[in-house]
Amino acid sequence: MRIASRGIPLLVACLALAYPWLVPNYYLVYAGALTVMYAAMSTSWNLLGGFTGYVSLGHSAFFGLGAYGTGLLIVRLGVPWVAALLVSAVAVTVFAVFVGVAAVRVRGASFVIVSIALVSMMNLVVQGWRSLTGGSTGLQVPSPFPDLHRGQTHIVFFYLFLALLGLALLSWWYVSRSRFGAGLRAIREDEDKAESLGVPTGAYKVTAFALSALFVSLAGGLYAVWFGSLDPIFVFSILIGSYMVLMSLLGGVRHLFGPLLGALIVAPAGEYFLIALGETQIHLTATGLLLVLVVLFMPDGILARFTRRRAGPSIPDETAEQRLQEVTR
Amino acid sequence: KTDEPGTAQPAGQQQGPVKIGISLPLTGDFAEPGNGIKDGYQVWADRVNAKGGLLGRKVELIFRDDASDPNRVSSDYESLITQDKVNLVFGPFSSRLVIPAAKVAESYNMLFVEPAGAAKEVFEQGFKRLFYAAPAIASDHYNYLADYLIKLPADQRPKTAAYASLDDPFAQGTAYGLRDKLAAAGIKTVVDEVYPPETTDFSPIAAKIAAAKPDIVVGGTQFEDSVGLVRALQELKVQPKLAAFSTGPTEPEFAAAVKGAAESILSPVGWSATATFTGNQEMIKRHKEMFNGEANEDTANGFTVGQVVEAAVNAAKCVDATKECQDKLADHIRQGTFDTVVGKLSFDDQGRPEQAHMIQQYVGGKVEIVLPEQAKTADLVYPKKPW
Amino acid sequence: MSETVLALEDVEAGYGRAAPVLRGLTVTVRAGEVVCLVGPNGAGKSTALKVASGLLAPRSGRVLLAGQDVTGLSPQRLLALGLAHVLQGHSVFREMTVAENVRLGGFTVRDSAKLQTRMEAVKELFPVVGERWGSMAGLLSGGQQKQVEFARALMLEPSVVLLDEPSMGLDPRNTQVVFDQIDLMRRTGVAVLLVEQNARRALEMADVGCVLDLGRVHISGPARELAADPRLGRLYLGGAPAT
Amino acid sequence: MVSLLLQGLALGVLTGGLYALLASGLSLYFGVMRVVMVAHPAFLFLAAYLTYTVHTTLGVDPFLALPVTVPLFFALGVAVQRLLIARLAPDNLAMMSVLLTFGIALTIEGLLGTIYTGSYKSVSMGYATKSLTIGGVHLPYDKIIAFLVAALTLAVLFAVLVKSRFGQALRATIQHREAARLVGIRTERVAGYGFGVGLATAAVGGTVLALITPFFPASHWVWIGKLMAIIVVGGLGSVTGAALAAVLLGVVEGLVLVTVDATWATTMFYVFLFLTLLARPQGFFGGRLAHRF
Amino acid sequence: MTSLRTEGLTRSFGGVLAVDGANVELQEGRINGLIGPNGSGKTTFFNIVTGMIKPDSGRVLYRDRDITRHSPHRVAHAGIGRTFQLCRVFPRLTVLENMLVAVRRSRLRELLAGLRDRGEVERARHWLRRMGIEHLEDAEARDLSYGQQKLLELAAVLMAEPELVLLDEPAGGVNPALIDRIVSLVRDLNAEGRTFLVVEHNMDMVMGMCDHVIVFDRGAPIAAGPPAEVRDDPRVLEAYLGV
Ligand SMILES: Nc1ncnc2c1ncn2[C@@H]1O[C@H](COP(=O)(O)OP(=O)(O)OP(=O)(O)O)[C@@H](O)[C@H]1O
Ligand SMILES: Nc1ncnc2c1ncn2[C@@H]1O[C@H](COP(=O)(O)OP(=O)(O)OP(=O)(O)O)[C@@H](O)[C@H]1O
Ligand SMILES: CC(C)C[C@H](N)C(=O)O
Ligand SMILES: [Mg+2]
Ligand SMILES: [Mg+2]
């Protein structure tokens with residue numbers, strides 16, 4: 001058990017590092033980088049969703065803002081890309097704090113709705129503000145590595161996204177072991193009760209919200225410089241947001257590696273459906289049915305299947321048997 | 001990597017079929033025209049293979065569906081070029097998809113002839129191997145109409161114009177092209193609206209137009225918004241002397257969707273079913289045989305891409321994915337003039353076509369070409385009949 | 001003695017795939033008799049009532065109602081056969097008014113005149129029901145909700161009543177009202193199966209007491225005798241009252 | 001300018017009525033059943049497509065499709081509830097239902113795309129482009145019809161939910177299933193019917209939509225945000241609140257459209273949503289019970 | 001020394017005056033009882049003191065500091081802990097995790113400290129041991145019986161080291177043997193210097209355990225004093241005990 005729980009992640013990490021050198025062509029490097037990007041985003045999503053149970057279908061808003069922020073700093077102000085990435089991530093995080101203050105006032109379903117609204121609104125703003133963002137024409141961001149050819153760029157970004165994934169995983173792990181994490185989990189279970197135990201729930205939720213936005217916006221920023229062209233409709237897409245949710249849910253939101261596992265399944269599966277069934281829209285149906293099946297049959301995710309709860313309901317008092325002996329003697 | 005730039009093509013590649021990689025929006029927002037383009041590509045491939053192929057090799061088209069998503073369109077060209085190792089790529093539909101797609105092709109040094117990236121921004125990205133295989137870019141689509149209106153005698157000439165445009169680089173491009181020319185000629189812009197693609201209700205926009213009582217109404221539209229606008233204008237009893245919309249009226253569903261209101265509506269069109277340009281009638285016939293339906297502008301645009309590339313390949317005598325060959329092809333296209341189903345085409349340094357779109361009008365329930373003079377099949381009806 | 005109205009025979013039951021909660025439980029209730037179940041938390045008292053009212057199907061064993069085997073029948077069917085069940089904890093319809101709650105108690109009664117008289121009667125019994133007739137039930141205090149629940153259960157005239165801790169959260173005056181009602185039911189020939197943590201009080205008024213532990217009845221007998229048993233007192237009934 | 005504002009106001013009220021109809025099902029699922037039904041707009045367009053098929057194959061008025069679509073959708077709703085929704089764990093029904101219905105929405109979109117292709121369809125009737133002119137203000141007949149149908153449907157819905165025995169049983173079922181069973185309610189059947197009623201409103205809404213706007217399989221996405229914003233502003237769970245919010249937002253949208261522009265008009269939905277959250281998180285009308293401590 | 005003092009606390013809901021100008025004063029180091037008929041405002045009083053409901057008017061002072069309208073977590077940090085009328089634990093956290101939720105001060109260092117901080121875990125185990133549920137440390141709270149959950153809830157509150165503990169019906173639904181245990185626990189904790197305010201309808205428990213009893217009726221105290229005195233007060237008899 002111990003060997004499995006330590007050894008498997010280590011093995012996977014080694015495989016991940018070697019991946020670009022193991023595959024035969026650059027397309028697979030590209031697809032790998034995309035998968036790692038999704039893994040990083042869903043792990044960041046899980047910083048909010050997994051701990052607090054606040055399901056955001058709108059995290060692509062932060063992805064898009066990170067992407068546009070980085071892109072605009074580079075294109076309009078000529079900021080070096082690393083600086084642009086960091087500055088925009090910080091700005092998005094600050095923005096997320098403000099949004100969070102309003103958004104986490106509502107729980108459950110209302111929060112989901114608010115998160116959907118956030119993406120739609122950001123999409124409208126970025127698309128409508130043509131003079132700044134280029135509107136529907138999109139924004140073209142120059143490559144940061146003009147000397148590398150495209151395939152090499154993919155390798156570089158593969159490792160950048162891998163680093164981001166590592167950072168997100170580390171944060172989740174750290175939070176899960178901290179008292180902050182315990183507070184967040186308590187919020188998921190019973191918010192008022194947590195509050196009465198002295199947990200400043202508002203501050204905790206906003207912090208989790210912002211932290212998760214931070215990593216997602218970093219992913220967005222990296223995406224902008226890697227991909228080079230941004231289009232509001234597609235970076236502010238509910239579908240990207242719901243992919244984060246689907247991946248996390250499929251893998252298991254209560255586990256460190258849940259979202260990662262989900263991403264490793266969903267991203268290639270999506271690719272497969274599109275190539276195999278791509279001629280008609282039936283691939284949407286396939287994705288939809290997959291989501292339905294996951295929700296119905298594995299609401300706690302794949303990993304939950306392997307980490308079964310030990311005790312069933314109803315743990316009798318240890319003294320019960322003794323008590324009985326005494327009475328029925 | 002097997003696809004490291006400069007790696008020699010495996011020997012087998014030189015003999016096999018010529019593989020052409022294409023990603024199209026077969027689903028999603030642009031599905032309708034995307035499928036039209038696909039038909040055009042297929043008719044072209046069928047014609048070429050019937051004639052013995054490209055440089056004696058059979059042509060094989062590999063299609064991907066990008067679901068109208070720019071992320072996917074990039075993935076698709078990425079995999080077509082590096083995994084399927086296609087010899088050539090053809091472009092997708094819509095300016096919104098052409099830009100990210102061309103970016104990938106450009107970075108692998110591939111020639112990129114495309115059927116539907118008309119917005120002027122497409123040509124401002126510094127692409128060196130991109131060509132738009134249609135008569136004119138978006139902002140020039142209405143040129144003939146602009147000339148016509150400006151040349152009208154003063155008493156008939158419209159004084160005011162209202163513009164409503166979808167927030168989309170192509171749609172806005174067409175409307176603004178006309179607006180700028182008319183404004184320069186003294187026709188006053190009284191309404192200038194841009195609406196996001198989410199818009200579902202056009203009545204208030206029509207109300208604004210109604211309040212301004214313009215002489216002419218111009219829409220920069222895709223499909224559903226053109227229908228919405230026409231209906232809303234009717235409901236609010238706006239009766240301009242002229243109404244023009246881009247794209248919508250050229251789609252076959254338009255007339256049915258707006259019922260009788262299609263009459264007299266104008267729109268720019270790059271192709272005509274009655275024209276006798278090289279291969280046009282043959283394409284229409286073959287299309288009917290293959291798909292049992294009428295060819296339309298989208299089919300023609302796809303077919304045109306094929307014709308241009310075919311001519312270049314025959315002239316340069318190579319179809320490799322190597323930089324040398326692709327450069328040769330691009331250079332040839334930049335310098336040459338091509339006979340296509342939409343007429344003679346030539347390109348400027350940025351890949352812009354240098355010809356002009358025609359103007360079509362619904363006359364007596366039929367689509368007729370009314371401008372320019374030399375191509376017209378009917379006279380332009382102006383002022384229009386009330387709807 | 002009058003005939004047996006309700007009987008659980010050797011019932012085994014549990015939730016999901018977990019270990020059984022009830023392990024061979026046998027209880028019988030006769031008309032005009034109050035049987036009181038006592039036992040530690042988690043012993044399976046509420047589960048026993050759920051099996052009896054059809055909310056939970058037993059894994060094995062039988063449920064008999066008036067001599068008829070009703071094992072596995074739905075609560076609606078059992079209700080039609082005259083069996084009513086008041087749940088433990090708070091089971092008011094929180095976002096409905098007190099009026100709607102009470103009226104739903106008589107959901108199966110089509111005779112509106114009869115409903116009306118019952119409604120007047122319960123208002124009389126629990127003044128708060130009348131006073132807060134139009135309020136959302138979920139906004140009442142804990143004890144007030146309990147009263148609404150009990151009032152709802154009184155809308156029908158069942159022949160068997162299962163009561164799960166009816167006095168929980170009630171002040172002494174309302175506790176008295178509830179116990180009086182139980183007594184009234186007994187006198188009108190209704191069979192009552194009562195679960196109470198207020199065990200001394202309950203055993204005082206009940207006819208038969210059963211001590212339930214680990215899903216089985218361990219001791220049963222005349223209620224007063226059980227209450228007087230010192231061993232039982234120490235284990236299940238708590239220290240003797242201060243007075 | 002005044003007449004333009006009046007025109008904007010009139011159109012806003014009429015459109016608001018349509019919004020109220022489209023959102024009514026949503027607030028029913030949510031308010032009464034705690035289910036966030038992201039797939040509602042997808043069902044609206046499914047209904048629109050069915051209307052289209054009936055209209056084109058039989059050549060009848062789209063409203064004549066209602067006797068077919070309404071019962072069909074009712075049955076579909078019962079099936080969806082019994083086979084899918086009922087299987088969700090009740091403890092976080094709201095969340096899981098979002099994801100489940102998101103999956104359903106994708107499924108429907110994919111099927112529509114496969115069957116009807118991705119191209120636009122529309123139903124156009126002669127009366128759909130005429131309008132009534134009162135004092136210089138034009139009231140399009142299709143919008144008037146939509147408004148009347150909406151009002152009628154909402155009235156029926158209100159009667160069913162609030163006044164009828166069924167409505168009482170439905171609310172009781174959702175609020176405490178065990179207690180509902182114990183007072184003699186057949187909870188499974190009732191919950192299924194409740195969902196059926198919600199989808200039946202989608203059948204009506206879809207018909208009206210088909211009459212008013214062209215549609216394609218992905219059309220439902222733009223409606224999700226708008227309709228959700230309406231039910232949040234109205235107070236999740238209040239059918240009347242949603243109706244009022246719908247008209248309010250319809251009017252705001254109409255006025256902003258004629259005075260500013262379309263982007264701002266659409267943004268208004270979300271601006272109101274966030275304002276609502278800051279001022280009254282439980283919504284402006286109705287609203288949920290506060291948790292008791 | 002005064003522990004808690006309220007001045008003219010008032011709160012109404014719609015037309016219902018739940019708390020009506022309540023002046024209450026608690027002495028440090030006592031076990032105080034709070035009794036009163038259903039709906040007399042006891043729970044609402046708790047909610048106002050702990051910041052979960054805002055009063056319409058009036059002040060709450062804790063150790064002479066004004067804590068009116070402080071958010072619940074700040075009230076908790078000030079040293080006031082509470083339990084709920086219907087037991088509330090975090091169902092899908094383990095018993096130990098439940099214990100580690102409580103936050104004493106929101107210092108950054110404390111937040112970022114590892115969850116498995118030795119000292120904290122030891123403290124948690126200490127409380128579990130005192131409640132007699134230390135063997136359940138790794139079980140999920142939802143798997144516990146109701147009584148065990150009650151004990152866990154109390155233990156979790158004590159983790160925050162409150163000086164004043166508000167208990168809302170600690171004996172509700174709890175089996176009598178366990179009530180004895182809770183009483184002796186409260187006594188021990190009180191002996192260590194903690195002040196208690198206990199809402200309870202179980203008169204035996206209140207009279208046997210409390211040093212001082214406050215009687216609420218219609219949202220305000222009508223009597224206060226030692227248990228024996230209060231019990232014989234005619235107003236109390238009339239309003240509450242119902243004789
Ligand atoms: N819905 C349920 N799902 C799973 N387990 C349950 C459920 N209800 C009860 N249990 C388990 O069954 C056991 C018996 O519960 P039950 O409610 O019958 O006990 P009880 O004797 O009524 O206790 P109490 O006096 O606390 O009400 C409990 O330990 C509990 O863990
Ligand atoms: N949120 C609320 N909205 C409306 N009325 C309320 C609300 N909370 C409490 N009330 C009312 O205030 C009064 C006091 O309620 P409270 O819960 O404080 O009583 P209590 O003394 O705790 O009673 P119990 O002994 O039954 O628990 C009750 O009449 C109740 O209906
Ligand atoms: C003329 C059309 C084929 C152009 C296309 N709609 C575009 O977006 O550029
Ligand atoms: Mg029980
Ligand atoms: Mg209370």
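Below, chains carry the letters A, B, ... as their sequence lines are ordered, and counting in each starts from 1.
The two residues E97(E) and R185(A) come nearest to each other via the heavy atoms OE2-NH1, 4.2 Å. Listed here is the closest heavy atom pair of P72(E) and E195(A): CB-CG, 3.1 Å. In terms of heavy-atom proximity, M52(E) sits nearest to S196(A) at CE-CB, 3.5 Å. Considering every non-hydrogen atom in both A182(A) and L100(E), the closest pair reads CB-O, 4.2 Å. When all heavy atoms of L197(A) and V157(E) are compared, the pair lying nearest together is CD2-CA, 3.9 Å. The two residues R92(E) and D300(A) make their nearest non-hydrogen contact at NH2-OD2, 3.5 Å.
A donor-acceptor pair under 3.5 Å links the side-chain atoms of H77(E) to the main chain of G198(A), judged by distance alone. For R74(E) (side chain) and P200(A) (main-chain N/O), no donor-acceptor pair under 3.5 Å exists by modelled atom type.
Taking CD of E189(A) as the start and CG of N98(E) as the end, the distance is 8.0 Å to the nearest 0.5 Å. Rounded to the nearest 0.5 angstrom, E153(E) CD and K193(A) NZ are separated by 3.5 Å.
More than 12 heavy atoms of other residues, nucleotides or ligands lie within 6.0 Å of CZ in F111(A), so this atom counts as buried by the packing criterion.
Listed options A78(E), G51(E), S71(E), P91(E) were ranked by heavy-atom pairs under 4.5 angstrom with chain A; first place goes to P91(E). Put simply, of T83(E), V101(E), T50(E), the one with the most heavy-atom pairs under 4.5 Å next to chain A is V101(E).
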